[in-house]
Structure formats: C-alpha cells, structure tokens
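Before any comments, here is the structure.
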Amino acid sequence: MTRPDAAGYHDIETIQGRLDEIIAAVRDKDASLERSLDLFEEAVALGSKAVDLVDMTELSSREAAQLAAGEAARPAEGRPGHVTDVAEG
C-alpha cells in the first residue's frame with residue numbers, strides 16, 4: 001500500500017472539496033473495507049496538509065484583532081492551560 005500524496009493540493013478549498021468526495025465515497029454502501037481504509041488514509045494526509053497550509057498563513061492585522069477579540073470573549077474554562085479549581089472534599 002502506498003502512502004497518499006497530498007503534495008498536489010495547494011489551498012484549503014481544494015482539500016475541502018476532495019474531503020467531501022471522500023466522505024461521499026465512504027458512505028457508499030458498495031465501498032469495500034479496503035477502499036474505505038485507503039480513503040481514510042488519504043483523508044488523514046489531506047488533513048495534515050490543511051494544517052500545514054493554515055500554519056503557513058499569515059493573518060492580516062484585522063484578522064488578528066478579530067481572533068484576539070474572540071479569544072477574550074470566551075470563558076476561561078476550555079482554554080488551553082486553564083486549570084479549574086477543584087474543591088477537596
């Protein structure tokens with residue numbers, strides 16, 4: 001089995017389109033287990049490529065401000081690094 005190659009994908013929209021195709025193919029009742037597993041591996045590779053693309057994207061100052069405002073509006077619980085006090089009983 002060869003590893004899926006996601007190098008040909010250069011934008012999130014193209015990756016999303018292919019992932020939608022993969023979802024439809026896996027939901028097909030006639031899809032074999034082997035084919036479904038191959039598609040799963042391709043989806044994982046595409047997800048990894050999407051993360052790489054997002055990591056390389058630079059936010060505009062406006063987008064960064066919107067992101068910061070959204071983070072400030074979220075409650076502390078659920079944020080990475082937040083520790084909830086636990087009462088000993």
Side-chain angles (χ1 to χ4, degrees):
M1 185 182 301
T2 61
R3 293 189 63 89
D5 183 18
Y9 294 88
H10 302 291
D11 60 72
I12 297 293
E13 291 78 18
T14 306
I15 291 173
Q16 183 177 4
R18 179 60 185 144
L19 288 172
D20 289 341
E21 292 171 0
I22 290 172
I23 290 168
V26 169
R27 286 184 176 165
D28 181 0
K29 292 181 172 108
D30 294 328
S32 69
L33 177 60
E34 183 177 353
R35 176 72 178 140
S36 294
L37 290 173
D38 288 344
L39 290 169
F40 172 76
E41 287 185 7
E42 182 182 354
V44 169
L46 290 171
S48 179
K49 176 69 175 191
V51 168
D52 290 345
L53 289 172
V54 169
D55 286 346
M56 292 184 331
T57 302
E58 291 188 28
L59 298 176
S60 69
S61 57
R62 185 175 136 234
E63 291 169 327
Q66 287 175 333
L67 183 61
E71 284 292 316
R74 272 188 25 207
E77 289 182 19
R79 285 191 196 164
H82 175 75
V83 178
T84 304
D85 293 330
V86 177
E88 292 182 25

Do Leu19 and Val51 land in one hydrophobic cluster if side-chain heavy atoms of ILVMFWY residues count as linked below 4.5 Å?
no
Quick one: closest heavy-atom pair of Ala31 and Ser36, and the distance?
CB-OG, 3.9 Å
In short, Ala43 meets Ile22 closest at the heavy-atom pair N-CD1, 4.0 Å
Treat each ILVMFWY residue as a node, draw an edge where side-chain heavy atoms are under 4.5 Å apart, and state whether Phe40 and Val26 are in one component.
no
Just so I know, are the side chains of Leu37 and Glu41 near enough to count as touching, which here means a heavy-atom distance under 4.5 Å?
no
Residue pairs involving residues 14-23 (criterion side-chain hydrogen bond (donor to acceptor under 3.5 Å, both in side chains); sequence neighbours excluded)
Asp11-Thr14, Arg18-Glu21, Arg18-Glu42
Ignoring hydrogens, what is the shortest heavy-atom contact between Leu53 and Thr57? Give both atom names and the distance.
O-OG1, 2.8 Å
Can Val54 be reached from Leu67 by stepping across I, L, V, M, F, W or Y side chains whose heavy atoms are under 4.5 Å apart?
no
Mind listing the closest non-hydrogen atom pair of Leu39 and Ala25 along with its distance?
CD1-CB, 3.6 Å
